[in-house]
Amino acid sequence: MGKNLLLFLLIFSVLSCRKNDENKTKVVSPIETINIDKVKNIEVGFSDKYDSLPKLSIQEINESEFNKLKNSENLLINNSVERKDGFFYIKTNNKILQLKEGNEKNNVRKDGDIWYEYLGFYPSLDMYTITGNSVSESLGFSDFELINKSNGKVYTIISPGDDKVENPIPSPKSKYVAYYYNQMYTDNNSFLGILKIDAAKNISEYRSFISEDIKIYQIAWSGDDIILIKASSDNGKSFKYYKSDFSSNQKKIANPISKWNGTYTSRLDYGNGAGINNGWDLEIHINNENISASGNGYQIGFKDELTAVEDGNKLILKHKKNIDGYSLGENMNPEFVLIEDKGKYYFKSEWVDSDIITKPQKNGYEIHKK
């Protein structure tokens, strides 16, 4: 009996020592701190991707309906982050990101400067949000960025202009994120983008809307498939309200611009010179596979491939690439605008210079559809 007890105590002692040794060898690795500039950045919001996707179709509503439908929940909270020695730190589950703060006392910036501003945290998305700022060729630029707390992925929402987009608004169930941007140097020129968020929190382009008639002042969600818009065309003196329903049970249109398919022609005259009727001919070809515009005549010759976005009774045609001749169209935004009014068609374009004697109508220069 005494020998068995002695043997038990000896085995227990050996096992206890082994357990203690194992505990001593266990080392908890600290979370790595890394500068955000060294993290791979995923960009979303490319215009060419939006151009290849169905566009948002909006309808006007009244103010009371807007206020009744909108979700007014505050989705962005301003929680604190650690700040030290001109940097602030964002902690994700697998790393700590170090970001350089802007020096508010020194507003002088030089080329190559990069700094960040912390905006807050989206609990529904489990994402932090920041502004990334930079200077290039003496011009300032800023981007809106989202940081996934779970995996540390950094997404940049590409802005249509120099400044960042307005703070995105997640839908109630976090299926989508909506954001907008008003052009800084052009009145009533606005963009609205919808990004889709999948189950793995990957973000991609989904829907968009472009207008040259309104400036957006506010957007809000009503459920996960209806986006609401508050806008003005007179610098906020009066407002109009819109909604766009892109729910999956809506009738799907394979090609929303197919009604514009055809060949459009117009003759633009400079007048008679040396017995010759000087001028040039414009042709715009639209089908489901390709859109192009060409101009041929007096001191002009070009052919460009275009992209299209429908905006009510207008078709906005943006430059995609030059195929032949003059490449001036790449600096025009948009290159052409087609307008339909009571079965007749008109166009506007910077290609038409001040020497043209052809008189425009109320909606623009007349163009004939074949």
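None of these values were measured; they are calculated from a predicted model.
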**Student:** Go through it in stages, so that I can follow the logic: the residues are R267 and D281, the test is salt bridge (charged side-chain N to carboxylate O under 4.0 Å, His left out), and I'd like the CA-CA distance, side-chain angles, deciding distance and then a yes or no.
**Tutor:** CA-CA 5 Å; R267 173 70 180 181; D281 296 298; 3.2 Å; yes

**Student:** Between I130 and L99, does the side chain to side chain contact (heavy atoms under 4.5 Å, CB included) criterion hold? Intermediate values first, please.
**Tutor:** CA-CA 10 Å; I130 62 172; L99 302 95; 3.4 Å; yes

**Student:** How about K164 and I157: do any of their side-chain heavy atoms sit closer than 4.5 Å?
**Tutor:** no

**Student:** Can you find a pair of side-chain heavy atoms, one from L317 and one from L338, that are under 4.5 Å apart?
**Tutor:** yes

**Student:** Side-chain contact test, heavy atoms from C-beta onward, threshold under 4.5 Å: evaluate it for P170 versus W221 and give yes or no.
**Tutor:** no

**Student:** Does the side chain of V352 come within less than 4.5 Å of F347's, by heavy atoms?
**Tutor:** yes

**Student:** Does a donor on one side chain sit under 3.5 Å from an acceptor on the other, for Q98 and Y89?
**Tutor:** yes

**Student:** Please say whether the positively charged group of K215, taken as NZ for Lys or CZ for Arg, lies over the ring of Y217, i.e. under 6.0 angstrom from the six-membered ring centre and within 45 degrees of the axis.
**Tutor:** yes

**Student:** Please check if the number of heavy atoms outside F239 that lie under 6.0 Å from its CZ is greater than 12.
**Tutor:** yes

**Student:** Would K100 pass as a cation-pi partner of F87, given that its NZ or CZ must be under 6.0 Å from the six-membered ring centre and within 45 degrees of the axis?
**Tutor:** no

**Student:** Testing the basics here: between I227 and A220, what is the closest heavy-atom pair and its distance to 0.1 Å?
**Tutor:** CD1-O, 3.3 Å

**Student:** Under a 4.5 Å cut-off applied to non-hydrogen side-chain atoms, are P123 and I77 in contact?
**Tutor:** yes

**Student:** Let's go through E340 and Y346 carefully: what are the C-alpha distance in whole Å and the side-chain angles of both, what is the deciding distance for side chain to side chain contact (heavy atoms under 4.5 Å, CB included) to 0.1 Å, and is it a yes or a no?
**Tutor:** CA-CA 7 Å; E340 187 275 332; Y346 307 86; over 6 Å; no

**Student:** Could you walk me through whether N148 and K201 pass side chain to side chain contact (heavy atoms under 4.5 Å, CB included), step by step?
**Tutor:** CA-CA 8 Å; N148 190 315; K201 298 293 185 181; 3.4 Å; yes

**Student:** Using a strict cut-off of less than 4.0 Å between a Lys/Arg side-chain nitrogen and an Asp/Glu carboxylate oxygen, indicate whether E335 and K318 qualify as a salt bridge.
**Tutor:** no

**Student:** Between S142 and N133, which heavy-atom pair has the shortest distance, and what is it?
**Tutor:** CB-OD1, 3.2 Å

**Student:** In Å and rounded to the nearest 0.5 Å, what is the NZ to CG distance from K175 to D224?
**Tutor:** 5.0 Å

**Student:** Can you find a side-chain donor-acceptor pair between Y116 and D37 that sits under 3.5 Å?
**Tutor:** yes

**Student:** Can K243 and E65 be counted as an ion pair, charged N to O under 4.0 angstrom?
**Tutor:** yes

**Student:** Would you give the length of the straight line joining atom OH of Y181 to atom CG of L192, rounded to the nearest 0.5 angstrom?
**Tutor:** 15.0 Å

**Student:** What I want to check is whether the side chains of N322 and D304 have a donor and an acceptor closer together than 3.5 Å.
**Tutor:** yes

**Student:** Quick one: do the K153 and N202 side chains pair a donor with an acceptor below 3.5 Å?
**Tutor:** yes

**Student:** Do T92 and N151 have side chains that get closer than 4.5 Å, going by heavy atoms?
**Tutor:** no

**Student:** Should we say atom NZ of K369 is surrounded by more than 12 heavy atoms from elsewhere, each under 6.0 Å from it?
**Tutor:** yes

**Student:** Between L119 and I158, is there a shared hydrophobic cluster once you connect ILVMFWY residues whose side-chain heavy atoms come closer than 4.5 Å?
**Tutor:** no

**Student:** For residues P334 and I316, report the shortest heavy-atom separation together with the two atoms involved.
**Tutor:** CB-CG2, 3.6 Å

**Student:** For the pair K370 (side chain) and H368 (backbone), establish whether a donor and an acceptor sit closer than 3.5 Å, ignoring hydrogens and angles.
**Tutor:** no

**Student:** State, to 0.1 Å, how close S150 and D126 come at their nearest heavy-atom pair, and which atoms those are.
**Tutor:** OG-OD2, 3.0 Å

**Student:** N261 vs N287, test: side-chain hydrogen bond (donor to acceptor under 3.5 Å, both in side chains). Steps then yes/no.
**Tutor:** CA-CA 5 Å; N261 285 359; N287 59 46; over 6 Å; no

**Student:** Can you find a pair of side-chain heavy atoms, one from I284 and one from I286, that are under 4.5 Å apart?
**Tutor:** yes

**Student:** Strictly by modelled atom types, are D143 and T156 linked by a side-chain donor-acceptor pair under 3.5 Å?
**Tutor:** no

**Student:** If we ignore angles and hydrogens, is there a donor and acceptor under 3.5 Å between the side chains of N188 and S233?
**Tutor:** no

**Student:** Can you give me the closest heavy-atom contact between S174 and I197, atom names plus distance?
**Tutor:** O-CB, 3.8 Å

**Student:** Are F246 and Y241 grouped together when hydrophobic residues (ILVMFWY) are joined by side-chain heavy atoms under 4.5 angstrom apart?
**Tutor:** no

**Student:** Between L228 and L76, is there shared hydrophobic-cluster membership here, with clusters defined by ILVMFWY side-chain heavy atoms closer than 4.5 Å?
**Tutor:** no

**Student:** Calculate, to the nearest 0.5 Å, the distance between atoms OG1 and CG belonging to T307 and D48 respectively.
**Tutor:** 9.0 Å

**Student:** Please determine, by modelled atom types, if H285 and T263 share a side-chain donor-acceptor pair under 3.5 angstrom.
**Tutor:** yes

**Student:** Between CG of N79 and CZ of F121, what distance do you get to the nearest 0.5 Å?
**Tutor:** 7.0 Å

**Student:** Can we call the ring centroids of Y155 and F144 under 6.0 Å apart?
**Tutor:** no

**Student:** Without swapping roles, check the side chain of N182 against the backbone of I216 for a donor-acceptor pair under 3.5 Å.
**Tutor:** yes

**Student:** Hey, is the main chain of Q183 close enough, under 3.5 Å, to the side chain of T186 for a donor-acceptor pair?
**Tutor:** no

**Student:** Nearest 0.5 Å, what's the NZ-CD1 distance between K348 and I367?
**Tutor:** 14.0 Å

**Student:** For K240, does the NZ atom sit with more than 12 other heavy atoms under 6.0 Å from it, leaving out its own atoms?
**Tutor:** no

**Student:** Are side-chain heavy atoms of I339 and N313 found at a separation under 4.5 Å?
**Tutor:** yes

**Student:** Between F191 and Y180, is the gap from one ring center to the other below 6.0 Å?
**Tutor:** no

**Student:** Under a 3.5 Å distance rule, please check whether S222 uses its side chain to pair with a backbone N or O of L69 as donor and acceptor.
**Tutor:** yes

**Student:** Can W260 and E310 be counted as having a side-chain donor-acceptor contact under 3.5 angstrom?
**Tutor:** yes

**Student:** Are a donor atom and an acceptor atom from the side chains of D353 and Y270 found within less than 3.5 Å of each other?
**Tutor:** yes

**Student:** Return the OG1 to CD1 distance between T33 and I96, rounded to the nearest 0.5 Å.
**Tutor:** 4.0 Å

**Student:** For Y206 and Y50, what are the C-alpha separation, side-chain angles and deciding distance, and is it a ring-ring contact (aromatic ring centres under 6.0 Å, His included)?
**Tutor:** CA-CA 7 Å; Y206 184 67; Y50 275 129; 9.6 Å; no

**Student:** Report the C-alpha distance between K314 and D213 in whole Å, list the side-chain angles of each, state the deciding distance to 0.1 Å, and finish with yes or no for salt bridge (charged side-chain N to carboxylate O under 4.0 Å, His left out).
**Tutor:** CA-CA 11 Å; K314 299 177 182 178; D213 298 318; 3.1 Å; yes

**Student:** Counting distance only, does the side-chain N/O of N35 pair as donor-acceptor with the main-chain N or O of K38 below 3.5 Å?
**Tutor:** no

**Student:** Of the non-hydrogen atoms in I90 and Y128, which two are nearest, and what is the gap between them?
**Tutor:** CG2-CD1, 3.2 Å

**Student:** Going by an N to O cut-off under 4.0 Å, is there a salt bridge joining K95 and E32?
**Tutor:** no

**Student:** Mind checking whether I229 and I61 sit in one hydrophobic cluster, side chains of I, L, V, M, F, W, Y counted as touching below 4.5 Å?
**Tutor:** no

**Student:** Please answer whether the main-chain N or O of A200 pairs with a side-chain N or O of D198 as donor and acceptor at a distance below 3.5 Å.
**Tutor:** yes

**Student:** For Y242 and F66, I'd like to know if the aromatic rings sit close, meaning centre-to-centre distance below 6.0 Å.
**Tutor:** no

**Student:** Are the side chain of S190 and the backbone of I214 linked by a donor-acceptor contact shorter than 3.5 Å?
**Tutor:** yes

